[in-house]
Q: 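Please find one structure pasted underneath; my questions will follow.
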Amino acid sequence: MKQGYFPQEIEKRWQTKWEENNAFFTPDDSDKPKYYALSMFPYPSGKLHMGHVRNYTITDVIARFKKAQGYNVLHPMGWDSFGLPAENAAMQRGANPEAWTDENIAYMTKQLKMLGLSYDWKREVTTCKPDYYKWTQWLFIQLYKKGLAYKKEAAVNWCETCGTVLANEQVIDGKCWRCDNVVEKKYLSQWFFKITDYAERLLKDLDLLDGWGDNVKTMQANWIGKSEGAIFRFPVVDAPNGEKMEVPVYTTRPDTVYGITYLVVAPEYKDIEKLTTAENKDAVEEYRANARKMTEIERLSTDRVKTGVPLGTHCLNPFTGETFPLWTADYALVEYGTGAVMAVPTHDTRDFDFAKKYNMPLKVVIENPENPSDCSTSAYVEEGVLVNSNEFNGMKNTEAKKAITQKAVDGGFGEFKTQYRLRDWLISRQRYWGAPIPVVYCDKCGIVPEKEENLPVLLPKDVDFSVVGKSPITTSPTFAETTCPICGAKARRELDTMDTFVCSSWYYLRFADANNAELPFAKTLVDKWLPVDQYVGGIEHAILHLLYSRFFTKAMKDLGLLSFDEPFKNLLTQGMVLKDGSKMSKSKGNTVDPDEIFENYGADTARLFILSDSPPARDFDWSDAGVEGCYKFLNRVWRLVSDNFDKLTRDYKLSFPLTRENDDLVRTVHMAIKGITNDISNDFQFNTVISKYRELTNAIYDWVGARGKLEFNEEDKNVLSFAIISLIKLMAPVTVHMSEEIWAELGGKTSIHEEPWCDWDENLAKASKITLVVQVNGKVKDKLEADEGASNDELQTLALESERIKELTEGKDIVKIIVVPKKLVNIVVKG
RNA sequence: GCCCUUGUGGCGGAAUCGGUAGACGCGUUGGACUUAAAAUCCAAUCGGGGUCAACCCUCGGUGCCAGUUCAAGUCUGGCCAAGGGCACCA
């Protein structure tokens, strides 16, 4: 065996060998139980960054550990390869985005292989290839036929820099998720997926996801935003044209209905013109024009002073028989509820602010009996008892919600209503590099989906990428022109492509049957492999990708394509990779290039280090010294083997008799196996796993050192071999190349990665002696050595016989003695 | 404003059930080896005090304030701070 550790040479050799042997092929048919480990697939941006390295290493170690434990493990990889960066790069070069994407995929594939990841590359999936997006289009058509894909004119989010619309989920603080540009509202006719049909199931089924963190689940629950309330319809008493009209409002506070003093409709409210009197018309028009000019950020800012103008008309409150005025104000949102709000300034802070500014009357209807408030300085929003509310006076407001809504139901002017904040998913994009929406417009037949046998609708190649201000796809002289799938007449194709999040909403299903040319996947195979047992990725997808994927899975279940409700059984959201306290990013200039680490230290060091310092869910602070430390540790392990090479055998026997000389190391190994297995099984605590590698290594060194220059007899060699081979097997999921190399050096015929996981003996996985802690009144006063098997009585006697304890308890009353088995004796004394 | 997460040495972080706080590592300091350096190895490393050193003893210490308990990083109540999410959503 070589004296030095040369990772670059070792790693390259094994990577080649694994590839030749097709070492990570996953059969669909196996007697073993299945395990599906998945990382969120990357966008092929050019090069791997440390976040990728962390993500894929975590999943790879899980996959290898589960394989060693006897599972048939599916661990695939693919590319989320449609999207704007490729198109922008193409526009800069005047070339096709496909070439740029292919180059990046080739380079990043090379990097993934250098990291030693155990992917079954035969299942590789690339979303921008026709054999994949054919099925994205096919799924679109299935959703369309079910009424879950539809086109409508709506106010949508428009990003001028990206030249396209965005989904609500892609607008972060009023800005584009990708380029940070402020988003504008536009009225456009666009394609949507009806995710709102699934709002209740998406919310309710969060309860099924025991393997997800609460943070992600609450983020999704907040985004879905369920609220229970009521719709009340208020008749208009003085409509200018004499028409019989009513204004419906949605409220979560039906209990405050007796306190209404005015009503607000959004500036975009559909009936607003009919509700405005001639004398108020100009002011209202001006106000609406101003509202249109405002950006979303200005409009939605909560600390802006509220403004509004009266419409001049009035509604009747059927509960009180009184009338109240109608206003328009931009704090009412047209997209939520009915676009109109009943205002109760005494019990809603926003209404209160508005009422103060415009001197609206205040009417208290909820009171805390112990501490009544007149609501002249702030709204009372806590619970209380109803006042000034006719027959409901004295009722608790929580009960009054139901009772008052019931009265409206009985009177025919209201109903119970559950409202969600979630909006439908806007999936059209006015861009080239995406899956074309497979729809045709025919003058006679209208909107017609493309025939399934004509899929895929291929992206045209005859386009001009140098155009500005419009989608390159519109420059194709051939693409738009087609024939109607129904009548055969001349027709036009849809020119929008799909949001890339559509492609990534089902890729994890395709891995189950990646090369199926007849279907997106066979039902038997998805039902066999799914749900994903462990999904690993960044928290930034808590809402976007994870919500969309859950929706897709549910919709596909309803389409009969698969049989489960949730795609991802367990979710690990890994923390960010930081350097010097902030996230690694090109703009901050604090990135570390994985290639450099591979070159200088090797992939095993990179893998070991990225797992070593923090638990996976927490942020990880990169330090060059830490990398160095991991590299030194691997050298130390290497020396341990090479220095003792002549004493090692793979034919060690586990059934040797335990003697006083050797039992401590054997016990240490069993404890390490147990501890490491538990740490991986329990939330993948790789940082403590790695500290246990070090402890075991230190223990073996100490054991060898204690032997000094003594000759090793057969039993010594047996024990040392057992310890060292256990160590490299335990390390194998992390240091995949080094363990394989040492295994081979020791005469291993097969790959160490085909070996079963180490077993431990519960009786050996504990020290032969325990340290008994003796406390007096809860403070540690002495530590004694005791036999592992000592009874509580024996421990108590031992403690009381300690000289030190005798001194401390002398002349005092022993009130109580508490014995914790195998651990501790606490003597409680008085005086 | 609401919701979620997290607060432990100089740093990253350990600590099944409430039972030795600070595992393991980084850093620092001292030493060995060496002509020297690198590498490697050994040792020390939470703070205050007991007149120095070793040893030992003692007090304090896990964001803050209370509480429960023989015993609290861990449980309960009330705060504070940081990070993240949502937000004129009626």
Q: Going by distance alone, is a donor N or O of one side chain under 3.5 Å from an acceptor N or O of the other, for A:S642 and A:Y5?
A: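 Absent: no donor and acceptor within the cut-off.
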Q: It should be established whether A:Q685 places a side-chain nitrogen or oxygen under 4.0 Å from OP1 or OP2 of nucleotide B:U16.
A: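 Negative; the distance criterion is not met.
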Q: Ignoring backbone atoms, test whether A:R694 places a side-chain nitrogen or oxygen under 4.0 Å from the OP1 or OP2 oxygen of B:G13.
A: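 No, because none of the side-chain N or O atoms of A:R694 sits under 4.0 Å from OP1 or OP2 of B:G13.
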Q: Any side-chain N or O of A:S227 below 4.0 angstrom from OP1/OP2 of B:A90?
A: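 For B:A90, OP1/OP2 do have a side-chain N/O of A:S227 under 4.0 Å.
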Q: In whole Å, measure the gap between the C1' atoms of B:G22 and B:G61 for me.
A: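 Straight-line distance between the two C1' atoms is 11 Å.
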Q: Output the single nucleotide from B:G12, B:U20, B:G13 whose closest atom is nearest the side chain of A:P615.
A: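 Of B:G12, B:U20, B:G13, B:G13 is nearest to the side chain of A:P615.
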Q: Under 4.0 Å, heavy atoms only, any strand: does A:K632 hit a base, just the sugar-phosphate, or nothing?
A: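 Result for A:K632 = sugar-phosphate.
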Q: Distance check, C1' atoms only: B:G50 and B:A23, in whole angstrom units.
A: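 Going atom to atom, C1' in each nucleotide, I get 30 Å.
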Q: Report yes if a donor N or O on one partner sits less than 3.5 Å from an acceptor N or O on the other, where the partners are the side chain of A:N222 and the base of B:C86; otherwise report no.
A: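 Answer is no: no donor-acceptor pair is held.
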Q: At under 4.0 Å, does any side-chain N or O of A:R421 touch on OP1 or OP2 of B:A87?
A: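 For B:A87, OP1/OP2 do have a side-chain N/O of A:R421 under 4.0 Å.
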Q: Measure from the side-chain heavy atoms of A:M219 and tell me the nearest of B:G85, B:C88, B:C70.
A: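 Side chain of A:M219 sits closest to B:G85.
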Q: Any side-chain N or O of A:N698 less than 4.0 Å from the OP1 or OP2 oxygen of B:G25?
A: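 Affirmative; the distance criterion is met.
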Q: Determine if the base of B:C17 is syn or anti; take syn to mean the glycosidic torsion is within 90° of 0.
A: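 In terms of base orientation relative to the sugar, B:C17 is syn.
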Q: Relative to each other, are the rings of A:W425 and A:Y548 parallel, tilted or perpendicular (30° and 60° limits)?
A: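 Because their plane-to-plane angle is under 30°, the rings of A:W425 and A:Y548 count as parallel.
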Q: Respond yes when some side-chain nitrogen or oxygen of A:Y336 is under 4.0 Å from OP1 or OP2 of B:A90, and no when none is.
A: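 Answer yes for this pair, as a side-chain N or O of A:Y336 is under 4.0 Å from OP1 or OP2.
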Q: When the distance from CD of A:E695 to P of B:G13 is rounded to whole Å, what number comes out?
A: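 It is 18 Å, rounded to the nearest whole Å.
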Q: Nearest-Å distance, CG (A:L333) to P (B:A87)?
A: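 For the pair A:L333 CG and B:A87 P, the rounded distance is 11 Å.
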Q: Between A:S691 and A:N678, which has a closest nucleotide on RNA chain B that is more 5'?
A: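 The 5'-side residue here is A:N678.
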Q: Looking only at atom P, what distance separates B:U6 and B:G13, rounded to whole Å?
A: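 Roughly 13 Å separates the two P atoms.
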Q: Does the ring center of A:F633 lie less than 6.0 Å from the ring center of A:Y693?
A: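 Between A:Y693 and A:F633, which both carry aromatic rings, the centre distance is not below 6.0 Å.
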Q: Which way is the base of B:G9 turned, syn or anti, if we draw the line at 90° from 0?
A: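 With its glycosidic angle within 90° of zero, B:G9 counts as syn.
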Q: Pick one: which of A:R292, A:R304, A:R288 meets salt bridge (charged side-chain N to carboxylate O under 4.0 Å, His left out) with A:D330?
A: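 That would be A:R304; it is the only one of A:R292, A:R304, A:R288 passing the salt bridge (charged side-chain N to carboxylate O under 4.0 Å, His left out) with A:D330.
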Q: Measure from the ring center of A:F319 to the ring center of A:F232 and say whether it is less than 6.0 Å.
A: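 Ring centres of A:F232 and A:F319 closer than 6.0 Å.
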Q: Write down the distance between OH (A:Y331) and C1' (B:A87), rounded to a whole number of angstrom.
A: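 Interatomic distance, OH of A:Y331 to C1' of B:A87: 16 Å.
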Q: Is A:E628 touching bases, backbone alone, or none of the nucleic acid, heavy atoms closer than 4.0 Å?
A: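 Touches nothing.
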Q: Kindly indicate whether the side chain of A:K816 and the base of B:C70 share any N or O donor-acceptor pair separated by less than 3.5 Å?
A: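 Per atom types, no contact qualifies.
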Q: Can you tell me which stems RNA chain B forms when a stem means 3 or more consecutive Watson-Crick or G-U pairs under 3.5 Å?
A: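 In RNA chain B, stems of three or more pairs: B:1-7 with B:80-86, B:10-12 with B:24-26, B:27-32 with B:40-45, B:46-50 with B:56-60, B:63-67 with B:75-79.
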Q: Have a look at A:V828 and say if it touches a base, only the backbone sugar-phosphate, or nothing, with a 4.0 Å heavy-atom cut-off.
A: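 Touches sugar-phosphate only.
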Q: Which is true for A:T251 with a 4.0 Å heavy-atom rule: it touches a base, it touches only sugar-phosphate, or it touches nothing?
A: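 Sugar-phosphate contact only.
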Q: Does A:K806 have any side-chain contact (heavy atoms from CB on, under 4.5 Å) partners at least two apart in sequence or in another chain, and if so, which?
A: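 In terms of side-chain contact (heavy atoms from CB on, under 4.5 Å), with neighbours along the sequence ignored, A:K806 is linked to A:E803.
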Q: Heavy atoms from C-beta onward define the side chain here; which of B:A15, B:A90, B:U5 lies closest to that of A:D214?
A: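 Of the options given, the side chain of A:D214 lies nearest B:U5.
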Q: A:N215 CG to B:U6 P: how many Å, rounded?
A: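 Rounding to the nearest Å, CG of A:N215 and P of B:U6 are 9 Å apart.
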Q: Choose from B:C3, B:G60, B:G27 the nucleotide whose nearest atom is closest to any side-chain atom of A:K779.
A: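 From the listed options, B:G60 comes nearest.
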Q: Parallel, tilted or perpendicular: which one describes the rings of A:Y601 and A:Y631, with boundaries at 30° and 60°?
A: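 A:Y601 and A:Y631: perpendicular rings.
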Q: Select base, sugar-phosphate, or nothing to describe what A:D621 touches, counting heavy atoms under 4.0 Å on all strands.
A: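 No contact at all - A:D621 keeps every heavy atom at 4.0 Å or more from the nucleic acid.
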Q: Establish, with yes or no, whether the OP1 or OP2 oxygen of B:G18 is under 4.0 angstrom from a side-chain nitrogen or oxygen of A:K823.
A: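 So the side chain of A:K823 is outside the cut-off, no N or O lying under 4.0 Å from OP1 or OP2 of B:G18.
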Q: May I ask you to check whether A:F609 and A:F620 place their ring centers less than 6.0 Å from one another?
A: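 Judged by ring-centre distance (under 6.0 Å), A:F609 and A:F620 do meet the cut-off.
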Q: Atom NZ of residue position A:K357 - does it have more than 12 heavy atoms of other residues, nucleotides or ligands inside 6.0 Å?
A: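 Yes, the 6.0 Å shell around NZ holds more than 12 heavy atoms from other groups.
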Q: Between B:A14 and B:C33, how far is it from one C1' atom to the other, in whole Å?
A: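 It comes out at 34 Å once rounded to the nearest Å.
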Q: Using a cut-off of 6.0 Å, state whether more than 12 heavy atoms not belonging to A:D173 lie near its atom CG.
A: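 Not more than 12 within 6.0 Å, no.
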Q: With respect to the side chain of A:T218, which nucleotide from B:C88, B:C4, B:U20 is positioned closest?
A: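 Nearest listed nucleotide: B:C4.
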Q: Only pairs under 3.5 Å count here: list side-chain donor-acceptor contacts from residues 679-686 of chain A, not counting sequence neighbours, and write none if there are none.
A:
{"unit_1": "A:D679", "atom_1": "OD2", "unit_2": "A:T688", "atom_2": "OG1", "d": "2.8"}
{"unit_1": "A:D679", "atom_1": "OD2", "unit_2": "A:K692", "atom_2": "NZ", "d": "2.6"}
{"unit_1": "A:S681", "atom_1": "OG", "unit_2": "A:T677", "atom_2": "O", "d": "2.7"}
{"unit_1": "A:Q685", "atom_1": "NE2", "unit_2": "A:N682", "atom_2": "O", "d": "3.2"}

Q: Could you state the atom-to-atom distance from CD of A:E540 to P of B:G84 in whole Å?
A: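 Rounded to the whole Å, the gap is 13 Å.
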Q: Suppose you measure atom C1' in B:G78 against the same atom in B:G25; what distance do you get, rounded to whole Å?
A: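 Rounded to whole Å, the distance is 38 Å.
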Q: Expressed as a whole number of Å, how far does the C1' atom of B:G49 sit from that of B:G10?
A: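 23 Å, rounded to whole Å.
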Q: Please classify the nucleic acid contact of A:K217 as base, sugar-phosphate, or nothing, using heavy-atom distances under 4.0 Å.
A: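 Since no nucleic acid heavy atom lies under 4.0 Å of A:K217, the category is nothing.
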Q: Could you pick out which residue, A:Y250 or A:R804, lies toward the 5' side of RNA chain B when each is mapped onto its nearest nucleotide?
A: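 In this pair, the answer is A:R804.
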Q: Can you tell me the distance, in whole Å, between the CZ atom of A:F620 and the P atom of B:G13?
A: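 These atoms are roughly 10 Å apart.
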Q: OP1 or OP2 of B:A39 less than 4.0 angstrom from a side-chain nitrogen or oxygen of A:R639, does that happen here?
A: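 Result: no.
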Q: Between B:C11 and B:U62, how far apart are the two P atoms, rounded to whole Å?
A: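 These two P atoms come out 15 Å apart once rounded.
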Q: Looking only at the side chain of A:V780 (C-beta and beyond, no hydrogens), which of the listed nucleotides B:U20, B:C88, B:U5 gets closest?
A: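 Of all the options, the side chain of A:V780 is nearest to B:U20.
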Q: Which nucleotide in the set B:C86, B:A14, B:G19 lies at the smallest distance from any side-chain heavy atom of A:W223?
A: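 When the side chain of A:W223 is considered, B:C86 is the closest of B:C86, B:A14, B:G19.
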Q: Which is true for A:A332 with a 4.0 Å heavy-atom rule: it touches a base, it touches only sugar-phosphate, or it touches nothing?
A: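 Base contact - A:A332 has a heavy atom under 4.0 Å of at least one base atom.
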Q: Is it true that the side chains of A:S227 and A:Y336 contain a donor and an acceptor less than 3.5 Å apart?
A: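 Note: A:S227 and A:Y336 side chains meet the donor-acceptor criterion.
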Q: Provide the distance between the two P atoms, one in B:G12 and one in B:C2, to the nearest whole Å.
A: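 Roughly 30 Å separates the two P atoms.
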Q: Return no unless some side-chain N or O of A:S614 is found under 4.0 Å from OP1 or OP2 of B:G13.
A: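 Checking A:S614 against B:G13: at least one side-chain N or O falls below 4.0 Å of OP1 or OP2.
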Q: Can you find a side chain N or O atom of A:K781 that sits less than 4.0 Å from OP1 or OP2 on B:U58?
A: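 Checking B:U58 against A:K781, a side-chain N or O does come within under 4.0 Å of OP1 or OP2.
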Q: Mind calculating the distance between CG (A:N826) and C1' (B:G18) to the nearest angstrom?
A: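 Whole-Å distance recorded here is 13 Å.
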Q: Report the nucleotide, chosen from B:G19, B:C41, B:G13, that has the shortest atom-to-atom distance to any side-chain atom of A:N687.
A: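 Per side-chain heavy atoms of A:N687, the pick is B:G13.
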